[in-house]
Amino acid sequence: MTHRVTEGGLEHLLDNALRTTGTGTRWTVTTDGMWCRATPDSGELREQGWKLHLSATAASAAAVLERALGVLLREDSVFKFARSLAQVTILNARSTPRGSSGKFLTVYPGSDEAAARLARELHRATSGLAGPRILSDRPYAPGSLVHYRYGSFVGRRRLSEDGLMVWYVRDPDGNPVEDKRTGAYLPPPWAISPFPEEPGVPVKPPAPRSTVMLGGRFAVREAIRHTNKGGVYRGTDTRTGAPVVIKEARPHVEADASGRDVRDWLRAEARMLKELGGLGLAPEALAVFEHGRHLFLAQEEVPGVTLRTWAAEHFRDAGPDRYRADALALAGRLVDLVAAAHARRCVLRDLSPGNVVVRPDGELRLIDLELAVLDDGSAEPTRLGTPGFSAPERLTDAPVSPTADYYSLGATACFVLAGRVPQLLPEEPADRTADARMAAWLGACAVRLRLPAGVVTMLLGLLREDPAERWDPGRARAALRASAAPPVSGRARVAPAAAPAVAGPARPEPPDGVGDAVAGIVDYLIDSMTPADDGHLWPVSTTAGETGPCTVQQGAAGVLAVLSRYYELTGDPRLPGVISTAGHWIVRRTGTRRARPGLYFGGPGTAWALYDAGRAVDDDRLTHHARALALAPLETSPSHDITHGTAGSGMAALHLWERTGDARFAELAVAAADRLAAAARRGPAGVSWAVPAEAVSRLAGRHHLGFAHGAAGIGCFLLSASAVSDRPAHLELAVDAGEQLLSRAVVAGGAANWPAEATDPPTSPYWCHGAAGIGTFLIRLHRATGDPRFGDLARRGTRAVADHASRAPVTQCHGLAGNGDFLLDMADATGEAAHRSLAGELARLILAQQARRNGHVVFPNEFGDVSASWSDGAAGILAFLLRLRHASPRHWMVRPPAPPATTPRSTGDRPRPACPS
């Protein structure tokens, strides 16, 4: 039977099949936003085992489903399938993670014998239909749509040692083992395949292969990257010895209803390279060939780095002043490059910092021209491209036009000059134009960047929302030449390396709009809370991984803590009910027998938030549960840091000791400091703490320097603990951690930056690894010891934060909110007004990237998602804006030790209070 399938009509095929076969009473059908799931009344779902996946394209999905239903409805195995052709397209998209791509239909067989039988029958039923290879699975037979892998059948997840939620299966002894979903077939060693290829033999990963020869000519040296559409490799042309780049396109990826897929895009790129051949605009095409049903394009390798890499590395190495001059010159070459391509009637359609190479001589070359077409009226529109750099009309299938490249040129030039392009989320209602919002952001960072006024005007001209109003490359080139004059007036306000302190902590007024933004964020957090949801109380982004639902980092505790602070500061009558509801949601999901360590990923941080919430709304149930959770035995952990480990648990204990006076919390803090003292490893440069190399963690063996995972955060805890423990060794360790950070600082142009690890290049100046987090510790160490070296380096950290301002996202962990909190710490510690003024500048950059949605205010995280969480969402931003407006204490920090009364003394002579009993 054949049915015409509408965009949302695949599940209709199941309804028809159930009626036609008379089996409708045997099956229960449920749906969600992605899947249609069918469960037989007589079937039982195992917890784990061999599962089957069938792939399909948008063109073949209906036929694959119809034929599969003819097999599945006679069986008793649970199955699910993507509900619509739009979902099939998403599953097969080039950007879909390799571990989940292509899985149109999933079958959960009731036994291994059923898995083998169903695989055979489904293979026969769907033979000859189109679908991509599923990379996480093994094909049942060459070219088969049926694939299999061993994995979890039910939604069993647990926290890994990194504090992230992972799927898991159990080994034969009942121990949990991560069910890794990657782009490779990696079954657990105990799983015995029931399939005919390997009857009764343990399945093992394939052995590494020797050098691969492609097209009979090109020897592969290494992989540059692997994506769902295929790999990109470096190789050698064995005929000439010249270095080459080889691009791969897998069959049926990004396939549309007509059957066109990424192989067609790769052929189009080869044609465009030939069109531009000999002009010095793009690599020379060498060969197009097939190998194992995959299509390959070999082209000359262009020496150099992408524009994205150049912007990051050159800014790091050259400093802001030299970078500014070089970036202006490079922007001019970028304009010339686009003009030259257009002179050959080439419309690029995907100009971005990742698709331009900067050669060692500074010249530019276009790469990845798979979307480029000739401007001859023959090309069909496409919505493919790079978010943030593709023109907005491309999303509405506008006809091919060079004006879309003008927008991409403006966005790419903005990235070169400012370090990023702001992610301006859609607004509802759209009362402000995109032009006005972009102008507001450029206005907020232009003085700091010291861009010539004509350059800002050029960027706005290229980025006009209306294609007809956009500047062309000729006008942009003229503006750049005219702007070779001095930059706009006004000096960036940066705290000097040794600025004199003023008598008291000056408090400039916060920027205009902070109050409205605070109100809009609070409204968003109140209205987006979903107490009926068992998984998440507030919206979170899981692009970079997912923590537990109650944690500080991404869970409910981080949001709860900020709302509790807001209520204490404002008395907003809506908040007691919200705080109580959120607190009890967390209580129901946190046991008190054993807790995971750490402040941001563990139970102690959750206890901190719960206690403060209960205290704010006078709820004894919350405070009692918080105490029990904080006193619960901690799981064994290899981590010593603030986020996951011992230092974070100790910091929470210190906070609760300050709040309650309960001596047990002081004892926990001192015990944590003692464990850190025992784990410390001394070297020539100072002290460090490493995650044991044998730990099952991505952090294993690392000696981080920063606040989140390294010496700065651990030292900050030890510094605070020393005021309670009365043990000189704790303060001495904190000082030694500071000495390590002094020796590892990279100071250039008045700014101090740090690497994530000693052997790395300097990283961005964020809380997690960089200057903002390290400076947070150093300024406290300076106040506690009186040592001017620590204070001087903290001030130089503020210069790094200022230089990086336009490049930063808006968030706490890696962005402006966390950097702003560091500046407010500096203002409180030193009384220097420049730090609070600079924090106001960062706030203006944050406000320029807000989106207003029906009375709410939301912000994009690093990946363009909207989240309520602490680390990458609204809660962390709200915390900084509240401090700026109300001068409240910093979240997740305890009061630093009092400064010395006289000149600095040796740490061993400093008096300390006794540990309370």
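Residues take their numbers from the sequence shown, with the count starting at 1.
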Do the side chains of [X] and [Y] get close enough for a salt bridge, i.e. N-O under 4.0 angstrom?
X	Y	answer
Glu254	Arg383	no
Asp32	Lys80	no
Asp405	Arg349	no
Glu248	Lys229	no
Asp435	Arg437	no
Asp261	Arg250	no
Arg94	Glu370	yes
Asp472	Arg464	no
Arg853	Glu427	no

So, does Arg74 use its side chain to make a donor-acceptor pair with the main chain of Gly70 at under 3.5 Å?
-> yes

Check the orientation of [X] and [Y]. Use parallel for under 30°, tilted for 30 to 60°, and perpendicular for over 60°.
X	Y	answer
Phe415	Phe389	perpendicular
Trp50	Tyr185	tilted
His123	Tyr140	tilted

Residues which pass salt bridge (charged side-chain N to carboxylate O under 4.0 Å, His left out) with Glu300, listed by chain and number, not counting sequence neighbours = none

Please identify each residue that fulfils salt bridge (charged side-chain N to carboxylate O under 4.0 Å, His left out) with Glu546, with sequence neighbours left out.
-> Arg157

Residues 271-296 vs salt bridge (Lys or Arg N to Asp or Glu O under 4.0 Å), sequence neighbours excluded, gives Arg267-Glu290

Can you tell me if Ser152 and Asp179 form a side-chain donor-acceptor pair at under 3.5 Å?
-> no

Are side-chain N/O atoms of Asn228 and Ser101 paired as donor and acceptor at under 3.5 Å?
-> yes

Is Arg83 close enough and on-axis enough to Trp35, meaning under 6.0 Å and within 45°, for cation-pi?
-> no

So do the side chains of Phe195 and Tyr148 get within less than 4.5 Å of each other, counting heavy atoms only?
-> yes

